[in-house]
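As structure tokens, the structure follows; a few thoughts come after it.
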Amino acid sequence: MTKHIVVIPGDGIGEEITSAAVSVLQKIDEKCHIGMDFTYKMAGGTAYDSCGSPLPQETIDAAKKADAILFGAVGGTQWDNVKPTLRPERAVLGLRKALGLYVNLRPVHVSDILAEYSPLKPEIVTGTDVLIVRELIGGIYFGDKCESEIHNGAERAWDLENYSVPEVQRITKFAMRAARKRRHKVTSVDKSNVLATSRLWRRTVIDVARDYPDVELNHLYVDNCAMQLASNPKQFDVIVTGNLFGDILSDEAAVLGGSIGMMPSASIGEATSLYEPIHGSAPDIAGKGIANPCATILSAAMLLRYSFNEDKAAAMIEQAVDKSLAEGWRTPDLYKDGFKKADTHTMTQVVLSNI
Ligand code: IPM
Ligand code: MG
């Protein structure tokens with residue numbers, strides 16, 4: 001049975017990086033005979049410009065029917081003044097909600113090769129291997145909000161944070177199962193000294209964890225976790241947290257490895273899943289052909305692993321990326337004297353030749 005992949009390049013460098021990842025998937029298909037086909041759909045600011053919506057219904061319908069979705073990035077300064085409900089970012093949030101993508105996986109693995117690019121000392125980061133499991137369709141991102149109202153004579157705005165027990169249970173179960181395939185440790189991150197949602201979060205996590213006695217569980221407040229990620233990142237195996245804290249901590253964790261241009265992600269739902277780099281649309285370098293395609297190529301590896309159970313094919317891509325770095329190839333975000341300079345096209349060709 002052919003597997004249908006919907007590709008949503010989006011804005012900025014989205015087109016360049018998704019086409020790199022598609023060529024890698026096509027090469028894998030030649031070798032492993034998975035049988036994949038690719039359909040392209042619009043989202044983000046470019047979709048808004050051409051049809052008035054950042055997330056056309058046609059894109060949602062195609063994504064719902066897809067076996068997996070490969071997503072580039074959305075956004076750009078030219079849409080800064082578009083009204084909030086039509087901003088390019090609504091495309092990402094709308095797709096997550098429409099497809100029920102409740103888990104966001106953001107692995108950060110600092111290899112020996114990348115440790116020297118880290119802003120932290122190599123002895124602190126080398127060997128870091130963290131999987132951030134972020135709840136993706138609840139919390140303050142999706143609660144009621146008010147853009148502006150007058151209260152006691154002053155203008156104010158508000159966003160409501162809420163979490164239900166079932167929402168916390170399902171993300172915790174996912175994190176526990178993920179930990180069982182790794183080092184059997186889960187750190188739950190909240191702000192239960194202040195927030196009611198965090199107190200419900202913590203007691204629900206503790207309840208769920210009783211069914212996973214082989215997994216060690218600890219709890220950190222989010223401010224402390226932010227500090228620990230910078231001071232002792234190797235202590236972490238799986239981190240499970242809510243939508244907003246996960247957004248912030250995953251950007252922090254992404255710099256541990258030196259370049260956000262290397263960091264993939266998977267957003268997993270019951271029916272289908274979406275794969276995208278952690279970085280954004282980088283409007284400043286769009287169209288120049290110099291973006292690092294590795295985050296999207298590694299997202300394609302996650303696609304093979306999580307959507308199609310093709311562990312071997314996924315590992316082939318990951319090894320090809322590692323080998324290309326080991327050979328000294330560097331895109332501008334990682335380039336230093338003494339290395340081989342690669343633009344997007346060259347880096348992609350090198351990865352292809354290493355598969
Ligand atoms: C991310 C991004 C998104 C988020 C934005 C673009 C809405 O920062 O995927 O981390 O906040 O979730
Ligand atoms: Mg973010």
Open item on the list: Less than 4.5 Å apart, side chain to side chain, heavy atoms only: is that true for V168 and V205?
Closed with: yes
Open item on the list: Using a 6.0 Å cut-off, check whether atom NZ of K336 has over 12 heavy atoms from anything other than its own residue.
Closed with: yes
Task: Expected output: side-chain K234 to main-chain T126 donor-acceptor under 3.5 Å - done: yes
- [ ] Would you check, one step at a time, whether the test side-chain contact (heavy atoms from CB on, under 4.5 Å) holds for L220 with F236?
- [x] CA-CA 11 Å; L220 287 181; F236 296 111; 3.7 Å; yes
Open item on the list: I'd like to know if E89 and R87 make a salt bridge, using a cut-off of under 4.0 Å between side-chain N and carboxylate O.
Closed with: yes
- [ ] Tell me, with the steps shown, if L217 and K185 meet side-chain contact (heavy atoms from CB on, under 4.5 Å).
- [x] CA-CA 6 Å; L217 171 68; K185 186 175 172 193; over 6 Å; no
Open item on the list: My understanding is that a hydrophobic cluster links ILVMFWY residues whose side chain heavy atoms are under 4.5 Å apart, including indirect links. Using that, what else belongs to the cluster containing Y48?
Closed with: W79, V82, L86
Task: Distance-minimising heavy-atom pair for I124 and A230 - done: CG2-O, 4.0 Å
Open item on the list: For E327, I'd like to know if atom CD has over 12 heavy atoms of other residues, nucleotides or ligands within 6.0 Å.
Closed with: yes
- [ ] Among residues two or more places apart or on two chains, list those pairs meeting ring-ring contact (aromatic ring centres under 6.0 Å, His included) that have a residue in residues 107-159.
- [x] none
Task: Neighbour count >12 (heavy atoms, 6.0 Å) for atom CG, N81 - done: no
Show me the side-chain donor-acceptor pairs of residues 300-315 shorter than 3.5 Å, one per line, residues at least two apart or across chains.
unit_1: R305; atom_1: NH1; unit_2: E318; atom_2: OE2; d: 2.9
unit_1: R305; atom_1: NH2; unit_2: E318; atom_2: OE1; d: 3.0
unit_1: S307; atom_1: OG; unit_2: Y275; atom_2: OH; d: 2.7

TODO: Share the residues that join M1 in a hydrophobic cluster, the rule being Ile, Leu, Val, Met, Phe, Trp or Tyr side chains under 4.5 Å apart at the heavy-atom level.
DONE: none
Open item on the list: Quiz question: by atom type and distance under 3.5 Å, do the side chains of S192 and R202 form a donor-acceptor pair?
Closed with: yes
Open item on the list: Quick check: do V222 and D190 have side-chain heavy atoms less than 4.5 Å from each other?
Closed with: no
Open item on the list: Using every non-hydrogen atom in the two residues, find where E276 and S267 come nearest and quote the distance to one decimal.
Closed with: OE2-OG, 4.4 Å
TODO: State whether D129 and R183 are salt-bridged, where the test is any N-O pair (Lys NZ or Arg NE/NH1/NH2 against Asp/Glu carboxylate O) under 4.0 Å.
DONE: yes
- [ ] Any side chain to side chain donor-acceptor pair (under 3.5 Å) involving residues 10-22? Give me the pairs, sequence neighbours left out, ordered by first then second residue.
- [x] D11-T46
- [ ] Using the six-membered ring of Y335, assess whether NZ or CZ of R330 lies under 6.0 Å from its centre and within 45 degrees of the ring axis.
- [x] no
Task: Sidechain-backbone polar pair: D29 side chain, G35 backbone, donor-acceptor under 3.5 Å - done: yes
Hey, can you pull the donor-acceptor pairs under 3.5 Å for the side chains in residues 279-286, sequence neighbours left out?
unit_1: S281; atom_1: OG; unit_2: G75; atom_2: O; d: 2.8

Open item on the list: Does K340, at its NZ atom, have more than 12 non-hydrogen atoms belonging to other residues, nucleotides or ligands within less than 6.0 Å?
Closed with: yes
Open item on the list: The test is side-chain contact (heavy atoms from CB on, under 4.5 Å); show your working for I60 and K41 and say whether it passes.
Closed with: CA-CA 9 Å; I60 300 179; K41 295 291 166 191; over 6 Å; no
TODO: Report yes or no: does T59 contribute a side-chain atom to a donor-acceptor pair with the main-chain N or O of L55 at less than 3.5 Å?
DONE: no
Task: Considering all heavy atoms, the nearest P277-A295 contact - done: CB-CB, 3.6 Å
TODO: Flag yes if more than 12 heavy atoms outside H219 fall under 6.0 Å of its NE2 atom; otherwise flag no.
DONE: yes
Open item on the list: Can you see whether F245 has R134 sitting over its ring - NZ or CZ less than 6.0 Å from the centre and within 45° of the normal?
Closed with: no
Task: Nearest non-hydrogen partners of V110 and A115, listed with the distance - done: CG1-CA, 3.8 Å
Open item on the list: Restricting to non-hydrogen atoms, name the atom on S259 and the atom on D333 that form the minimum distance, rounded to 0.1 Å.
Closed with: OG-OD2, 2.7 Å
TODO: Please check if atom NZ in K97 has more than 12 non-hydrogen atoms from other residues, nucleotides or ligands closer than 6.0 Å.
DONE: yes
- [ ] Please list, chain by chain and in numerical order, all residues satisfying side chain to side chain donor-acceptor pair (under 3.5 Å) with S148, sequence neighbours excluded.
- [x] E155
Task: Residues that D112 engages under salt bridge (Lys or Arg N to Asp or Glu O under 4.0 Å), provided they are two or more places apart - done: none
Task: Test item: N243 side-chain N/O and L136 main-chain N/O as donor-acceptor pair under 3.5 Å - done: yes
Task: M42: hydrophobic cluster co-members (side-chain, 4.5 Å) - done: none
Task: Minimal non-hydrogen separation, T204 against Q169, with atom names - done: CG2-CG, 3.6 Å
- [ ] Check side-chain contact (heavy atoms from CB on, under 4.5 Å) between L99 and all other residues, then give those that pass, not counting sequence neighbours.
- [x] A63, K64, I69, L95, L101, T272
- [ ] Could you go through the side-chain contact (heavy atoms from CB on, under 4.5 Å) check for T344 and T331 one step at a time?
- [x] CA-CA 7 Å; T344 311; T331 41; 5.8 Å; no
TODO: Before accepting this row, confirm whether a basic side-chain N of the pair K3/D37 lies closer than 4.0 Å to the acidic partner's carboxylate O.
DONE: no
- [ ] Mark yes or no for whether K27, through its side chain, and L352, through its backbone, hold a donor-acceptor pair below 3.5 Å.
- [x] yes
TODO: Tell me yes or no: between the side chains of Y102 and E167, is some donor less than 3.5 Å from an acceptor?
DONE: no
Open item on the list: Using side-chain heavy atoms (C-beta onward) and a distance below 4.5 Å, is L325 in contact with M347?
Closed with: yes
Open item on the list: Among residues at least two apart in sequence or on other chains, which ones pass side chain to side chain donor-acceptor pair (under 3.5 Å) with N232?
Closed with: none
Task: Contact check, side chains of L131 and D237, non-hydrogen atoms, under 4.5 Å - done: no
Open item on the list: If the condition is ring pair (Phe, Tyr, Trp, His ring centres under 6.0 Å), which residues does F71 pass it with, not counting sequence neighbours?
Closed with: none
